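Okay, so here's the structure we're looking at.
These numbers come from a predicted model, not from an experiment.
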Amino acid sequence: LEGEAPRTYFSRSSHLIVRAGGRVAYDGLLSSDFSLDVPIASGEETIALETDQVFSPADRSRRSADRRHLGLRIFKAEVRTPNGPAS
């Protein structure tokens, strides 16, 4: 998992939780650009990323009608198996 520094958009670090199934696989603070290898148990079908800070572009600019809640800017998310990338 690779992404941009949350401090680019927020005044403080962002809390990230990665859940695989019902298990917490990662729980930490992100302040700078990040590259994380998060071990996920084989067979987990659902992976969720949760963060504590979001914004809507429409709230930051009158020219935008974009009401999505954006939290972390992710550049790369990859699931790898022991034999290489899954897909």
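- Atom NZ of K76 and atom CD of E2 lie 5.0 Å apart (nearest 0.5 Å).
- The two residues G71 and V54 come nearest to each other via the heavy atoms CA-CG1, 4.0 Å.
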Between side-chain atoms of residues 24-33 and protein atoms elsewhere (two or more places apart, or another chain), which donor-acceptor pairs fall under 3.5 Å?
residue : atom : partner : partner atom : Å
D27     : OD1  : H15     : NE2          : 2.4
D33     : OD1  : A5      : N            : 2.8

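- The side-chain heavy atoms of I47 and V38, taken from C-beta on, include no pair separated by under 4.5 Å.
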Are L49 and L72 close enough, and set up right, to give a side-chain contact (heavy atoms from CB on, under 4.5 Å), and what steps lead you there? CA-CA 9 Å; L49 307 179; L72 294 170; 5.8 Å; no

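- The distance from atom CD of Q53 to atom OG of S13, rounded to the nearest 0.5 Å, is 8.0 Å.
- The minimum heavy-atom distance linking R12 with R7 is given by the pair C-CD, 3.3 Å.
- Considering all non-hydrogen atoms of both residues, F34 and I74 come closest at CZ-CD1, 3.9 Å.
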Going through the checks in order, is the side-chain contact (heavy atoms from CB on, under 4.5 Å) test met by L36 and L16? CA-CA 11 Å; L36 304 170; L16 172 65; 3.9 Å; yes

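- The heavy-atom pair separating D37 from P39 by the smallest distance is O-CD, 3.6 Å.
- Residues satisfying the salt bridge (charged side-chain N to carboxylate O under 4.0 Å, His left out) criterion with R23, sequence neighbours excluded, are absent altogether.
- Annotation: side chain of D52 is in contact with side chain of S14 (closest heavy-atom distance under 4.5 Å).
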All N/O donor-acceptor pairs, side-chain side in residues 55-64, below 3.5 Å, sequence neighbours left out:
residue : atom : partner : partner atom : Å
S56     : OG   : R67     : O            : 3.3
S56     : OG   : R68     : O            : 3.2
D59     : OD1  : R67     : NH1          : 2.9
D59     : OD1  : R67     : NH2          : 3.4
R60     : NH1  : Y9      : O            : 3.3
R60     : NH2  : Y9      : O            : 2.9
S61     : OG   : R63     : N            : 3.2
S64     : OG   : D66     : N            : 3.1

